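Remember, predicted model here, so these are calculated numbers, not experimental data. Numbering of residues begins at 1 and proceeds along the displayed sequence. Any value given below was found using the heavy atoms of this structure, including those in side chains, with hydrogens, waters and symmetry copies removed.
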Amino acid sequence: MPETFLHGVEVIEIDTGPRPIRTVRSSVIGIVGTAPDADPATFPLDTPVLIAGSRAEAAKLDMTEAQTGEGTLPAALDGILDQIGAVVIVVRVEEGTTEAETLANILGGVNAINGQYEGVHALLSAESVVGYSPRILCVPGFTHQRSANGITGVTITAGGSGYTNGTHRLTVTGTGSGAAIDATIAGGSVTAVTVVNPGSGYTSAPTFALPAGAGAGTGATFTSTRGTVGNAVMAELVGIAERLRAVIIADGPNTTDAAAIAYGGDFGSPRVYVVDPWVLVADSAGALTSEPASARVAGLIAKIDNDRGFWWSPSNQVINGIVGTVRAVDFKLGDANARANLLNEQNIATIIRQDGFRLWGNRTLSSDAKWAFLSLRRTADMLNDSILKAHLWAVDPNITKNYLREVEEGVNAYIRQLVAQGALIGGRCWADPDLNTAAAIADGKVFFNFDFTAPYPAEHITFRSILTTDYLEELV
């Protein structure tokens with residue numbers, strides 16, 4: 001500190017030492033859907049709205065006197081709240097006059113006039129609007145379909161000339177909706193095209209055009225191929241989940257085992273957890289209706305998070321409020337040929353009847369076996385995000401030995417806390433001696449590594465049965 005003359009006594013507060021780290025809230029559900037009978041003041045369109053586990057708040061999604069309103073959100077919220085009084089972020093979109101219009105509203109995007117996120121993209125703005133970031137995403141009623149007539153590929157027939165280099169989103173005009181195609185321009189010509197989202201409903205060949213931002217070039221032309229593709233809403237949600245460090249609870253097609261397995265083959269993300277078939281729910285008159293399972297599974301995961309911790313698998317836990325499944329799922333413990341096991345083998349979770357109706361399945365659609373288990377992906381997300389959010393204080397102080405030790409000690413203390421809770425087996429943090437060079441530090445860059453071992457679910461238990469005569473001697 002600067003030397004200052006003082007005839008007296010002073011107290012100087014030393015603000016150093018490790019900072020405590022708090023785990024981010026893992027059980028917040030983000031849900032998108034329709035509710036045409038909702039209170040528009042409480043649930044404005046394309047706006048994240050927080051429901052703190054209250055059925056009274058959720059009831060405003062259905063303002064009909066008999067509570068028999070339409071849309072996907074009222075039943076989905078009821079399914080979530082059957083499991084737990086969860087913190088839910090609701091995004092209501094307008095129900096279109098056709099399924100294609102409704103789907104376009106669900107897909108949303110960014111409003112070109114006011115820059116507001118719309119549809120599923122509104123989940124990205126949830127933290128700034130309501131103070132919470134969703135970690136469990138679902139869009140019941142809109143994630144189970146495999147899309148017909150999506151754009152499976154785009155071919156450059158002429159690259160043109162005079163365009164502005166960079167990546168530009170093509171304008172797609174046609175009968176369908178939702179397609180997102182990026183063109184890469186180098187040397188003024190289109191050199192590559194990437195299908196970001198295949199969209200759906202393109203019953204005739206669409207046309208493509210470069211946007212105004214691509215400059216005043218001319219001559220680029222394209223042709224396309226169309227076919228059955230993955231779900232358009234899921235294609236949007238995967239990128240959103242990656243940004244939010246969230247997982248998506250997706251509904252299977254609810255038809256056959258083969259269809260469910262084919263659906264699972266459309267994705268390779270550790271953030272996608274598919275449940276098939278749908279569930280049967282009894283209404284107040286005793287009539288059975290079918291509902292997508294995703295909302296209830298999302299509620300179940302939130303319940304497990306609160307009761308046991310985010311590091312627990314939701315598999316083999318009872319789902320409340322259902323009386324069956326739309327398609328019978330045979331199960332016998334130890335039977336490798338049971339339908340439930342065959343679905344699980346293909347990374348499709350299902351619901352079995354065994355002392356209640358239970359969620360059955362641990363695995364995501366990850367193409368990397370390292371991240372096969374849902375609980376492992378979520379444990380890594382919570383650890384990574386908690387450490388990230390806890391270190392705003394560490395941005396811009398001087399890089400000194402004390403600074404390095406303070407960061408290390410704070411993260412190591414947090415890891416020890418998680419080990420004591422059972423969330424981790426072990427782990428540690430250290431300043432990287434190889435990356436923290438004089439040149440890097442002089443450029444304001446500092447590097448820390450941390451490793452961890454998460455607990456794995458006991459998915460396959462083997463008892464080895466051995467017949468022996470060794471104990472016959474006890475008879476004599």
Side-chain angles (χ1 to χ4, degrees), residues 83 252 256-265 268 270 272-280 293 296-297 300-301 303-305 307-320 322-380 418-427 451-476:
Q83 316 309 312
T256 65
D257 295 348
I261 293 167
Y263 177 100
V272 180
Y273 182 78
V274 179
V275 184
D276 191 82
W278 291 16
V279 296
L280 294 174
R296 293 177 184 274
V297 172
L300 177 63
I301 293 173
K303 178 181 179 181
I304 299 302
D305 280 8
D307 292 351
R308 295 187 172 186
F310 57 80
W311 54 93
W312 278 78
S313 169
S315 182
N316 197 15
Q317 303 298 323
V318 174
I319 301 176
N320 296 332
I322 67 173
V323 296
T325 54
V326 171
R327 185 171 79 256
V329 179
D330 66 277
F331 170 80
K332 183 179 180 182
L333 202 61
D335 183 0
N337 294 315
R339 169 174 282 174
N341 194 69
L342 294 176
L343 287 170
N344 282 183
E345 185 179 4
Q346 298 298 322
N347 302 325
I348 306 297
T350 190
I351 297 168
I352 64 170
R353 184 174 184 175
Q354 196 80 5
D355 297 330
F357 290 96
R358 295 173 177 268
L359 180 65
W360 197 253
N362 291 295
R363 295 176 179 258
T364 69
L365 297 184
S366 176
S367 57
D368 183 350
K370 179 179 180 180
W371 300 104
F373 291 117
L374 178 68
S375 58
L376 193 69
R377 176 66 270 173
R378 299 191 70 231
T379 297
L418 293 180
V419 170
Q421 293 174 346
L424 296 179
I425 305 299
D451 61 14
F452 64 96
T453 300
Y456 290 74
E459 184 179 66
H460 186 160
I461 303 170
T462 300
F463 289 96
R464 302 174 64 203
S465 175
I466 303 169
L467 175 64
T468 178
T469 60
D470 292 351
Y471 305 104
L472 293 178
E473 62 188 34
E474 295 180 8
L475 297 177
V476 294

Nearest-0.5 Å distance that lies between atom CG in L418 and atom CG in L424: 5.0 Å
Steps toward side chain to side chain contact (heavy atoms under 4.5 Å, CB included) verdict (I319, V279): CA-CA 10 Å; I319 301 176; V279 296; 5.7 Å; no
Nearest heavy atoms of V275 and V297, plus distance in Å: CG2-CG2, 4.0 Å
For A340 against I352, the heavy-atom pair lying closest together: CB-CG2, 3.7 Å
Within-4.5 Å side-chain heavy-atom neighbours: D276 and R327: yes
Heavy-atom closest contact (A454 atom, T379 atom, distance): CB-CG2, 4.0 Å
T350 vs R339, side chain to side chain contact (heavy atoms under 4.5 Å, CB included): CA-CA, chis, key distance, verdict: CA-CA 9 Å; T350 190; R339 169 174 282 174; over 6 Å; no
K303 side chain near Q317 side chain, heavy-atom distance below 4.5 Å: no
Donor-acceptor under 3.5 Å (Q83 side chain, N320 main chain): yes
Min side-chain heavy-atom separation V272-T364 under 4.5 Å: no
Contacts of type side-chain contact (heavy atoms from CB on, under 4.5 Å), residue T469, not counting sequence neighbours: L472
Whether N344 side chain and W360 backbone form a donor-acceptor pair below 3.5 Å: yes
More than 12 heavy atoms of other groups within 6.0 Å of L467 CG: no
Closest heavy-atom pair and its distance - G422, P455: O-CG, 3.7 Å
Gap between atom CG of N341 and atom NZ of K332 - 0.5 Å precision: 13.5 Å
Heavy-atom donor-acceptor pair, R358 side chain to S315 backbone, under 3.5 Å: no
Side chain Y263, main chain I348, donor-acceptor under 3.5 Å: no
From CG (L280) to OG1 (T325), nearest 0.5 Å: 6.5 Å
Minimum heavy-atom distance L374-P314, with the two atoms named: CD2-CG, 3.9 Å
Minimum-distance pair of heavy atoms, taken over all atoms of S366 and D368: OG-O, 2.7 Å
Test side chain to side chain contact (heavy atoms under 4.5 Å, CB included) applied to W311 and Q421, step by step: CA-CA 10 Å; W311 54 93; Q421 293 174 346; 4.1 Å; yes
Gap separating the CD atom of Q354 from the CG atom of L333, nearest 0.5 angstrom: 7.0 Å
4.5 Å side-chain heavy-atom contact, N316 and N362: no
Verdict with reasoning, D257 to L343, per side chain to side chain contact (heavy atoms under 4.5 Å, CB included): CA-CA 7 Å; D257 295 348; L343 287 170; 4.1 Å; yes
